[in-house]
Amino acid sequence: MLWNPVNAEEALEGLEKILGRLNARDDSRAIFLDIYAIVTRKVVHLLNRDDAGGFLEPEWLSHLTGRFAEEALIAVRDSLKNLPLPTAAWRFATHYPAQRLTQPYQDALLGVSAHINHDLGMVVYDNIAHQSPPVDARRMARYRHDYFHVNEILRSCIPECVDLLAERYRCASTRLLLRVPFSRPVVERMVMRMLIVWRQRVWDNVVAMLEAQTPEEHQAVVERVRTTSGRIAQALCADKALWWTVRGESPPFSLGLPPEAWPGVVLPPDPEPDADASAARAS
């Protein structure tokens, strides 16, 4: 498997390899990665055009795409190994699909949310903050252009992603919704609006981390990212708590709990030193 891609082409290769394995075993952790592959395939296609798809810094975006994909691939790999995942957002996004506790559209949204609301800002910040020489205002403006230009790719991919949920993964909620007259354009606009809001907040967090004057200011942004991504995951799964309440029963978890403690996702114990070393060699 290709767990550590360094560019957009390798990112797509890594996604397609793990997708083949997961779909062969009917593992719902494939759903988000399948949607992610649609977007990555589009990125690769555009970057290979003579005009680089309108991107001003195609090499930067290709490298960022590889590094970004690595986060999702490693999270899924570690969940398959039953290793502890460090973020609540990814624990939701891997545990729920693996246990078939959610519908396909929720599995997709949980993965998209974890990847955008948690991973994206960290990866973009790490890339920009550690460049040498430091990024100047002109280069930062070009990065910002390319970052938001990705929104157009996402917009163009949404119809294919909706069809994927309805047809390949036979999502009952998606199929039912699409039977409602004129529902498709409404659904697609709502999803795109959600992605725009999420990605704008991520960029704002990147800027805040870059402008932080002290380690404490930087860490405050990091903690906000972790908590927000976990809370969004809770909200995406809240229908289960609502259904228990409608039936007159007490749900087994509370929305008031922090995302690290909800909804009863049992983390495996820390591996023994020897086992940890073996896992590192296997990766």
Side-chain angles (χ1 to χ4, degrees), residues 2-15 18 32-33 35-44 46-47 55-79 85-94 110-132 134-135 139-151 153-154 157 195-212 215 218-230 232-233 283:
L2 183 61
W3 301 112
N4 309 102
V6 298
N7 55 39
E9 287 81 4
E10 288 191 2
L12 181 58
E13 180 183 350
L15 289 168
I18 187 62
F32 159 66
L33 296 180
I35 285 175
Y36 189 20
I38 289 174
V39 178
T40 306
R41 204 170 289 119
K42 182 75 169 180
V43 170
V44 170
L46 290 176
L47 290 178
F55 289 103
L56 303 179
E57 298 285 345
E59 291 187 9
W60 176 75
L61 186 72
S62 181
H63 171 72
L64 199 69
T65 301
R67 178 65 185 83
F68 187 37
E70 180 182 16
E71 294 294 316
L73 291 169
I74 294 299
V76 173
R77 182 198 68 183
D78 288 353
S79 77
L85 300 181
T87 64
W90 272 115
R91 291 203 290 272
F92 278 76
T94 53
L110 284 167
V112 170
S113 175
H115 206 35
I116 292 178
N117 289 306
H118 184 272
D119 296 350
L120 182 56
M122 301 301 183
V123 170
V124 174
Y125 165 77
D126 186 65
N127 175 279
I128 295 176
H130 295 97
Q131 288 191 30
S132 181
V135 175
R139 182 61 61 85
M140 189 68 177
R142 292 170 69 86
Y143 289 164
R144 186 184 188 282
H145 169 275
D146 286 1
Y147 175 89
F148 285 105
H149 189 50
V150 171
N151 285 353
I153 296 178
L154 297 175
C157 291
L195 295 177
I196 289 173
V197 171
W198 285 357
R199 298 188 84 253
Q200 177 64 58
R201 180 169 56 234
V202 168
W203 184 259
D204 292 342
N205 285 331
V206 169
V207 172
M209 285 189 283
L210 291 171
E211 294 180 348
H218 177 272
Q219 188 60 31
V221 180
V222 172
E223 292 302 324
R224 183 167 69 240
V225 168
R226 290 176 177 169
T227 301
T228 300
S229 60
I232 291 172
S283 66

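Start at 1 with the first residue, then count along the sequence.
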Results of side-chain contact (heavy atoms from CB on, under 4.5 Å) for E13 - residues two or more places apart only = L2, K17
I128 CD1 to L64 CG distance, which is reported to the nearest 0.5 Å | 8.0 Å
Contacts of R139 meeting salt bridge (Lys or Arg N to Asp or Glu O under 4.0 Å) (sequence neighbours excluded), chain-then-number -> E57
G121 and V206 have their tightest heavy-atom pair at O-CG2, 3.6 Å
Residue pair V39 / I153, side-chain heavy-atom distance below 4.5 Å = yes
Ring pair (Phe, Tyr, Trp, His ring centres under 6.0 Å) against H149, all qualifying residues, sequence neighbours excluded | F55, H145
So do the side chains of V225 and V202 get within less than 4.5 Å of each other, counting heavy atoms only?
-> no
State, without any angle test, whether D78 and W90 hold a side-chain donor-acceptor pair at a distance under 3.5 Å.
-> no
Could I get the full list of side-chain hydrogen bond (donor to acceptor under 3.5 Å, both in side chains) partners for T65, not counting sequence neighbours?
-> none
CG/L61 to CG/L46 distance, rounded to the nearest 0.5 angstrom?
-> 9.5 Å
Rounded distance [0.5 Å steps], OH in Y125 versus CH2 in W203 | 13.5 Å
Step-by-step side-chain contact (heavy atoms from CB on, under 4.5 Å) determination, H130 to D126 | CA-CA 6 Å; H130 295 97; D126 186 65; 3.1 Å; yes
Got a donor-acceptor contact below 3.5 angstrom from the S79 side chain to the V76 backbone?
-> yes
Of the non-hydrogen atoms in F68 and V123, which two are nearest, and what is the gap between them?
-> N-CG1, 4.1 Å
Nearest atoms (heavy-atom pairs only) where L110 meets F92 = CD1-O, 3.9 Å
Note: P58 and D146 closest approach over all heavy atoms is N-OD2, 4.4 Å
Starting at CD1 of I35, measure out to NE2 of H115 and round the result to the nearest 0.5 Å.
-> 12.5 Å
Do V112 and W198 come close enough that some side-chain heavy atom pair is under 4.5 Å?
-> yes
Which pair of heavy atoms, one from R224 and one from A208, lies closest together, and at what distance?
-> NH2-CB, 4.5 Å
Quick one: do L120 and Y147 satisfy side-chain contact (heavy atoms from CB on, under 4.5 Å)? Show the steps, please.
-> CA-CA 10 Å; L120 182 56; Y147 175 89; 3.5 Å; yes
Where the side chain of N7 meets the backbone of S62, is there a donor-acceptor pair that is under 3.5 Å apart?
-> no
Considering residues at least two apart in sequence or located in another chain, which fulfil the side-chain hydrogen bond (donor to acceptor under 3.5 Å, both in side chains) criterion with H118?
-> none
Q131: side-chain hydrogen bond (donor to acceptor under 3.5 Å, both in side chains) partners, not counting sequence neighbours | N127, Y143
Results of side-chain contact (heavy atoms from CB on, under 4.5 Å) for N151 - residues two or more places apart only = F148, L154, M192, I196, R199
side-chain contact (heavy atoms from CB on, under 4.5 Å) with E223: which residues, sequence neighbours excluded?
-> Q219, R226
Correct closest heavy-atom pair for L47 and A8 would be CD1-CB, 4.1 Å
Residues at least two apart in sequence or cross-chain that pass side-chain hydrogen bond (donor to acceptor under 3.5 Å, both in side chains) with R144, listed by chain then number, are none
Find out whether R77 and L73 are in side-chain contact, i.e. whether some heavy atom of one side chain is under 4.5 Å from a heavy atom of the other.
-> no
Determine which pairs satisfy salt bridge (charged side-chain N to carboxylate O under 4.0 Å, His left out) with at least one residue from residues 59-68, sequence neighbours left out, and list them in order.
-> R67-E70, R67-E71
Among all residues two or more places apart in sequence or in another chain, which pass the ring pair (Phe, Tyr, Trp, His ring centres under 6.0 Å) test with H63?
-> none
With sequence neighbours excluded, tell me which residues meet side-chain contact (heavy atoms from CB on, under 4.5 Å) with A89.
-> A114, S229
Straight-line distance of F32 CZ to S113 OG, nearest 0.5 Å = 10.0 Å
Roughly how far, to the nearest 0.5 Å, is the CG atom of N117 from the CZ atom of R201?
-> 5.0 Å
How about V222 and H218: do any of their side-chain heavy atoms sit closer than 4.5 Å?
-> yes
